Enquirer: 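Pasting in a structure now, in structure tokens, and then I'll have a few things to ask.
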There are 2 protein chains.
Amino acid sequence: MVDLALRAIAEPRRREILRLIWDAELTSGAIASHFEVTRPAISQHLRVLADAGLVSVRRQGTRRLYRARPEGLAELREFLEGFWEGRLWLLKQAAEAEERRASQGGTERT
Amino acid sequence: MVDLALRAIAEPRRREILRLIWDAELTSGAIASHFEVTRPAISQHLRVLADAGLVSVRRQGTRRLYRARPEGLAELREFLEGFWEGRLWLLKQAAEAEERRASQGGTERT
DNA sequence: GGCTTACGAAAGTGTCAACTTACAGTCTTT
DNA sequence: AAAGACTGTAAGTTGACACTTTCGTAAGCC
């Protein structure tokens with residue numbers, strides 16, 4: 001899921017969308033009117049964001065109100081903070097690498 | 001540049017590479033030996049990381065030693081922290097959106 | 001000089017993703 | 001029930017990208 005979220009925010013357009021609905025609820029039409037692409041394109045972006053858990057939808061009549069999902073954002077943020085910290089992961093990585101190398105035979109010099 | 005960095009770490013393989021050279025200098029061959037893809041593939045990943053300012057290279061004889069670049073990582077990190085914070089950007093975004101809407105005529109309801 | 005090592009660059013391939021146009025669904029209104 | 005408004009979905013196109021194999025190049029060694 002974090003992977004999806006990272007890929008989602010790697011797209012500039014989606015970051016802009018996120019900012020628009022950061023603390024306000026907007027319909028997809030209202031969101032689309034802020035950009036120069038067609039509405040379906042925005043719909044697809046919203047789907048990607050929703051699949052990544054970064055936005056929530058609320059249906060109200062024929063409209064759908066989108067809003068940033070704090071939990072998803074927090075999860076991504078925590079992952080990244082763990083990434084900057086790093087050290088713990090290094091051990092896990094090293095173990096996996098050792099495994100791979102053993103079954104492959106790489107040219108390595110210490 | 002931050003955009004490049006974000007796209008760079010959106011790729012899982014590149015995140016793994018980054019972790020490997022987080023605090024250690026490794027040759028591209030050594031890095032490649034940790035994965036199951038070919039060496040040129042890793043070379044290309046390293047190039048992407050270098051272009052994004054996330055990695056530095058040091059040539060020593062025939063080898064090239066790669067290492068994570070703290071400044072680049074810090075820059076990306078600060079951008080993201082500003083992103084979580086958000087509010088400042090919202091104003092800028094609103095202004096640009098206003099501009100776009102004026103020259104386009106969107107259906108918008110207050 | 002000739003050979004090997006370590007690496008990037010070039011060219012080609014398959015896949016994914018961002019976009020478009022066209023269509024279908026759902027809710028409100030009359 | 002029919003019409004209109006607000007949407008998501010389907011299908012197709014184009015460009016990017018992660019990868020492969022092949023080749024070129026710079027440094028060390030006999």
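Convention: sequence-line order gives letters A, B, ...; per-chain numbering from 1. These numbers come from a predicted model, not from an experiment.
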Enquirer: Give B:Ser28 one of three labels, base, sugar-phosphate or nothing, depending on what nucleic acid heavy atoms sit under 4.0 Å from its own.
Expert: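 Sugar-phosphate contact only - B:Ser28 comes under 4.0 Å of backbone atoms but never of a base.
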
Enquirer: Can you tell me which nucleotide in D:dC17, C:dT20, C:dA11 comes closest to the side chain of A:Gln44?
Expert: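 Among the listed nucleotides, the one closest to the side chain of A:Gln44 is C:dT20.
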
Enquirer: So, is A:Arg39 close to the C:dT20 phosphate, meaning a side-chain N or O under 4.0 Å from OP1 or OP2?
Expert: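 Answer is no, no contact under 4.0 Å.
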
Enquirer: Just to confirm, is there a sub-4.0 Å distance from OP1 or OP2 of C:dA18 to any side-chain nitrogen or oxygen of A:Arg14?
Expert: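 Yes, A:Arg14 has a side-chain N/O under 4.0 Å of OP1/OP2 on C:dA18.
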
Enquirer: Tell me the interatomic distance from A:Glu25, atom CD, to D:dT7, atom C1', rounded to whole angstroms.
Expert: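 Distance check: A:Glu25 CD to D:dT7 C1' gives 16 Å.
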
Enquirer: 5'-most contact on DNA chain D: A:Thr62 or A:Pro40, nearest heavy atom basis?
Expert: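 The 5'-side residue here is A:Thr62.
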
Enquirer: Report yes if at least one side-chain N or O of A:Thr27 is closer than 4.0 Å to OP1 or OP2 of D:dT7; otherwise report no.
Expert: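 So the side-chain polar atoms of A:Thr27 do come within 4.0 Å of the phosphate oxygens OP1 or OP2 of D:dT7, strictly under.
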
Enquirer: Taking the side chain as every heavy atom from C-beta outward, state whether B:Arg13 and B:Val37 have any pair of such atoms under 4.5 Å apart.
Expert: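 Yes. Closest side-chain heavy atoms under 4.5 Å.
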
Enquirer: Rounded to whole Å, how long is the line connecting atom CZ of A:Arg59 with atom C1' of D:dG8?
Expert: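 That distance rounds to 9 Å.
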
Enquirer: Would you say A:Ser43's side chain and A:Pro40's backbone share a donor-acceptor pair under 3.5 angstrom?
Expert: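 Checked: no pair found.
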
Enquirer: Quick one: is B:His45 getting a side-chain N or O under 4.0 Å of the D:dC17 phosphate, OP1 or OP2?
Expert: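 The answer is no; no side-chain N or O of B:His45 sits under 4.0 Å from OP1 or OP2.
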
Enquirer: Roughly how many Å is it from CZ in A:Arg58 to P in D:dT7, rounded to a whole number?
Expert: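 One finds 13 Å between P of D:dT7 and CZ of A:Arg58, rounded.
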
Enquirer: Examine C:dA9: is either OP1 or OP2 under 4.0 Å from a nitrogen or oxygen in the side chain of B:Arg47? Give yes or no.
Expert: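 For C:dA9, OP1 or OP2 has a side-chain N or O of B:Arg47 closer than 4.0 Å.
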
Enquirer: Kindly say if A:Arg7 contacts the phosphate of C:dA17, meaning a side-chain N or O under 4.0 Å from OP1 or OP2.
Expert: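 Yes, A:Arg7 has a side-chain N/O under 4.0 Å of OP1/OP2 on C:dA17.
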
Enquirer: For B:Leu65, does its backbone N or O pair with a side-chain atom of B:Arg58 as donor and acceptor, under 3.5 Å?
Expert: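 The answer is no, because no donor-acceptor pair under 3.5 Å joins these two groups.
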
Enquirer: Minimum heavy-atom separation for B:Ile21 to B:Tyr66, with atom names?
Expert: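 Where B:Ile21 meets B:Tyr66 most closely, the heavy atoms are CG2-O, 3.8 Å.
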
Enquirer: Taking only side-chain N and O atoms of B:Arg13, does any of them lie within less than 4.0 angstrom of OP1 or OP2 on D:dC19?
Expert: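 Checking D:dC19 against B:Arg13, a side-chain N or O does come within under 4.0 Å of OP1 or OP2.
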
Enquirer: Return the value, rounded to whole Å, for the distance between atom CZ of B:Arg63 and atom C1' of C:dT4.
Expert: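 My rounded result for the distance is 13 Å.
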
Enquirer: How would you label the contact of A:Glu11 with the nucleic acid (heavy atoms, under 4.0 Å): base, sugar-phosphate, or nothing?
Expert: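 Result for A:Glu11 = sugar-phosphate.
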
Enquirer: Start at the 5' end of DNA chain C and walk down; is the nucleotide closest to A:Thr38 or to A:Gly61 reached first?
Expert: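 Nearest nucleotide further toward 5': that of A:Thr38.
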
Enquirer: Is the backbone of A:Gly53 close enough, under 3.5 Å, to the side chain of A:Arg69 for a donor and an acceptor to pair up by distance?
Expert: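 It does hold such a pair.
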
Enquirer: When the nearest nucleotide of DNA chain C is assigned to A:Ala41 and to B:Val57 on a heavy-atom basis, which residue is associated with the more 5' position?
Expert: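 Looking at the nearest nucleotide for each, B:Val57 comes out on the 5' side.
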
Enquirer: Any salt bridge between B:Asp51 and B:Arg7, counting N to O under 4.0 Å?
Expert: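 Salt bridge: no.
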
Enquirer: Tell me: CG of A:Leu46 to C1' of D:dC6, nearest whole Å?
Expert: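 Going from CG in A:Leu46 over to C1' in D:dC6 covers 14 Å.
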
Enquirer: Rounding to a whole Å, what distance do you find between B:Ile42:CD1 and D:dC19:P?
Expert: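 Rounded to whole Å, this separation is 7 Å.
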
Enquirer: Is the shortest side-chain N/O distance from B:Tyr66 to OP1 or OP2 of C:dA6 below 4.0 Å?
Expert: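 For C:dA6, OP1/OP2 do not have a side-chain N/O of B:Tyr66 under 4.0 Å.
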
Enquirer: Given atom CG of B:Asp51 and atom P of D:dC17, what is their separation to the nearest angstrom?
Expert: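 Nearest whole value for this atom pair: 11 Å.
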
Enquirer: Let me know the distance between CD1 of B:Ile31 and P of C:dC7, rounded to the nearest Å.
Expert: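 Value for this atom pair: 9 Å.
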
